[in-house]
Amino acid sequence: MSDSSPRFRQVLGTFPPYRPGKVPAAVAGQAHKLSSNESPYGPLPSVAEVIAEAGHGVNRYPDNGAEALTAALAARFAVPPGHVAVGCGSVGVLKQLIESVGEPGAEVLYAWRSFEAYPPLTDLAGATSVRVPLLPGETHDLAAMAAAITARTRLVLVCNPNNPTGTVVAGEQLSAFLDQVPADCLVVLDEAYREYIRDASVPDGIDLYRDRPNVAVLRTFSKAYGLAGLRVGFLIGHPPVAEAVRKTMLTFSVSSIAQAAAIASLAAEPELLERVDAVVKERDRVRETLLADGWTVPPTEANFVWLRLGGHTGALAQACERSGIAVRPFAGEGVRVSIGTPEANDAFLAVAREFPHRRP
């Protein structure tokens, strides 16, 4: 028998597989998962009923075109149905987008650090990443990003709020940036955390896309809507963009249960957003407490806080783990802490208060 093994693409050896947020081991009966930016609340009762009912039909394939969900999204955001495309979470839609533009010689431009899926998805599509460092305040350097655009740039990603820092790009600054981008370069506003924004200066990407054919918006039901386990996200963009996303979608990748739950969540949005308000209040409380305890925490408009710790990153993650708390460390950079229940947040704050290294 030959010792050789099947041959795979060389790019697979250049990055590790995606590692989801760690599930904590209980310590003294306490286990709090603050590592995945999930909602601490389960589906609303009305949505849970729809999920249970939809489960009776899983012997049938889902609607591959997600027509009912597309219509509901079009009505909710006052856009034509042809401007909507869905996928397996916003990261699934992002994969579809990058596959639509990616090929050898093409460049995908984004701030760094930003969403950790951007580099491997770009590599897998055969494109080249162009990373523009964040400003000292952990925000996008839009001037540097504009200067980095070349004839090879096919796609520019603006994560707003930015994951993992929680920082945002304000309206005039973002509009001025969009006006500098060539018409044949697609700009995607990744707004997975849009519902948590309370800063009135931050524009709604859907308002910006309307008269800009090269701008599209990514959203998800995983965060504020509490459907992370069902995997449904969507894009709003002009017809050529939405059509490209539909062409690259893996067949039947948005399940019938996910589609039904998303439609029900849109119908229950006022009640659901009350839960979002509760998370925002906790987010502000956590940040204010950390600041009072001597931490440096950038302003955040998402459902998490960011602590830049440099070489002390692993130590804080381990301290949390010893108390039954899972956070998300980025080695050598910092720790992202999702906002959970008040009990979970208090448990984290107790660990942070005793941590000796509050600076990188």
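Computed over heavy atoms, backbone and side chain alike; hydrogens, waters and symmetry mates excluded.
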Give every residue pair that meets the salt bridge (Lys or Arg N to Asp or Glu O under 4.0 Å) criterion with at least one member in [range], sequence neighbours excluded.
range: residues 185-196; value: E191-R219
range: residues 27-52; value: K33-E38
range: residues 155-184; value: D179-R212
range: residues 346-356; value: R285-D346, D293-R353

Q. For R198, what residues pass the side-chain hydrogen bond (donor to acceptor under 3.5 Å, both in side chains) criterion, not counting sequence neighbours?
A. D277
How many angstroms lie between atom [atom1] of [X] and atom [atom2] of [Y], to the nearest 0.5 angstrom?
X: T296; Y: L291; atom1: OG1; atom2: CG; answer: 8.0 Å
X: C159; Y: L94; atom1: SG; atom2: CG; answer: 9.5 Å
X: T150; Y: L109; atom1: OG1; atom2: CG; answer: 8.5 Å
X: L189; Y: L178; atom1: CG; atom2: CG; answer: 6.0 Å
X: K22; Y: L34; atom1: NZ; atom2: CG; answer: 13.5 Å
X: R76; Y: L69; atom1: CZ; atom2: CG; answer: 13.0 Å

Q) How far apart are the C-alpha atoms of F304 and Y193, what are their side-chain angles, what is the distance that settles it, and do they pass the ring-ring contact (aromatic ring centres under 6.0 Å, His included) test? A) CA-CA 10 Å; F304 51 83; Y193 303 93; 5.2 Å; yes
Would a distance-only check, ignoring hydrogens and angles, find a side-chain to backbone donor-acceptor pair under 3.5 Å from [X] to [Y]?
X: R308; Y: V297; answer: no
X: T313; Y: G334; answer: yes
X: T122; Y: V108; answer: no
X: S323; Y: I325; answer: no
X: R283; Y: E301; answer: yes

Measuring only between side-chain heavy atoms, which start at C-beta, is [X] closer than 4.5 Å to [Y]?
X: V79; Y: R210; answer: yes
X: P40; Y: V279; answer: yes
X: V188; Y: L186; answer: yes
X: L208; Y: I206; answer: no
X: I197; Y: N160; answer: no
X: L124; Y: L12; answer: yes
X: Q259; Y: P62; answer: yes

Q: With sequence neighbours excluded, tell me which residues meet side chain to side chain contact (heavy atoms under 4.5 Å, CB included) with S255.
A: I257, A258
List the atom of [X], the atom of [Y], and the distance in Å for their closest heavy-atom pair.
X: R275; Y: P43; answer: NH1-C, 3.8 Å
X: V23; Y: A326; answer: C-CB, 4.5 Å
X: V169; Y: P203; answer: O-CD, 3.7 Å
X: I149; Y: P182; answer: CG2-CD, 3.9 Å
X: A278; Y: Y41; answer: CB-OH, 3.7 Å
X: A148; Y: T153; answer: O-OG1, 4.2 Å

**Q.** All pairs passing side chain to side chain donor-acceptor pair (under 3.5 Å) where residues 88-97 contributes a residue, at least two apart
**A.** K95-E99
Q. What residue pairs, at least two apart or across chains, pass side chain to side chain donor-acceptor pair (under 3.5 Å) with a residue in residues 325-345?
A. N37-R336, N37-S338, R113-E333, E116-R328, N163-R336, E282-N345
Q. Going by distance alone, is a donor N or O of one side chain under 3.5 Å from an acceptor N or O of the other, for R231 and S222?
A. yes
Q: Examine the side chains of S129 and Y118 and answer whether a donor and an acceptor come within less than 3.5 Å of each other.
A: no
(Q) What verdict does the side chain to side chain contact (heavy atoms under 4.5 Å, CB included) test give for L250 and C88, after you've listed the backbone C-alpha separation in whole Å, the side-chain angles of each residue and the deciding distance to 0.1 Å? (A) CA-CA 9 Å; L250 180 65; C88 184; over 6 Å; no
Please list all pairs passing the ring-ring contact (aromatic ring centres under 6.0 Å, His included) test where one or both residues lie in [range], with sequence neighbours left out.
range: residues 197-231; result: H83-Y209, Y209-H238, F221-Y225, F221-F234
range: residues 130-181; result: none
range: residues 309-343; result: W306-F330, H312-H357
range: residues 250-292; result: Y61-F252

Q. Shared ILVMFWY cluster between L309 and V305, side chains joined below 4.5 angstrom?
A. yes
Q) Out of curiosity, does L155 fall in the hydrophobic cluster containing V132 (side-chain heavy atoms, cut-off under 4.5 Å, transitive links)? A) no
Q) Does CD belonging to Q30 count more than 12 external heavy atoms closer than 6.0 Å? A) yes
Q: Using the side chain to side chain contact (heavy atoms under 4.5 Å, CB included) rule, take L218 and L157 through it: C-alpha gap first, then chi angles, then the decisive distance, then the call.
A: CA-CA 10 Å; L218 280 181; L157 296 166; 5.7 Å; no
(Q) Quick test of your reading of the model: are E107 and R154 salt-bridged, counting only N-O distances below 4.0 Å? (A) no
Q. Could you go step by step and tell me if R287 and T300 meet the side chain to side chain donor-acceptor pair (under 3.5 Å) rule?
A. CA-CA 8 Å; R287 180 171 183 264; T300 174; over 6 Å; no
Q) Please walk me through it: do L97 and V241 pass side chain to side chain contact (heavy atoms under 4.5 Å, CB included)? A) CA-CA 8 Å; L97 274 170; V241 183; 4.0 Å; yes
Q: Would you sort out whether N162 and S114 count as a side chain to side chain donor-acceptor pair (under 3.5 Å), showing the intermediate values?
A: CA-CA 6 Å; N162 187 47; S114 192; 2.6 Å; yes
Q: Start with the C-alpha gap between D141 and T139, add the side-chain angles, then the distance that decides, and say whether side chain to side chain contact (heavy atoms under 4.5 Å, CB included) holds.
A: CA-CA 6 Å; D141 188 343; T139 58; over 6 Å; no
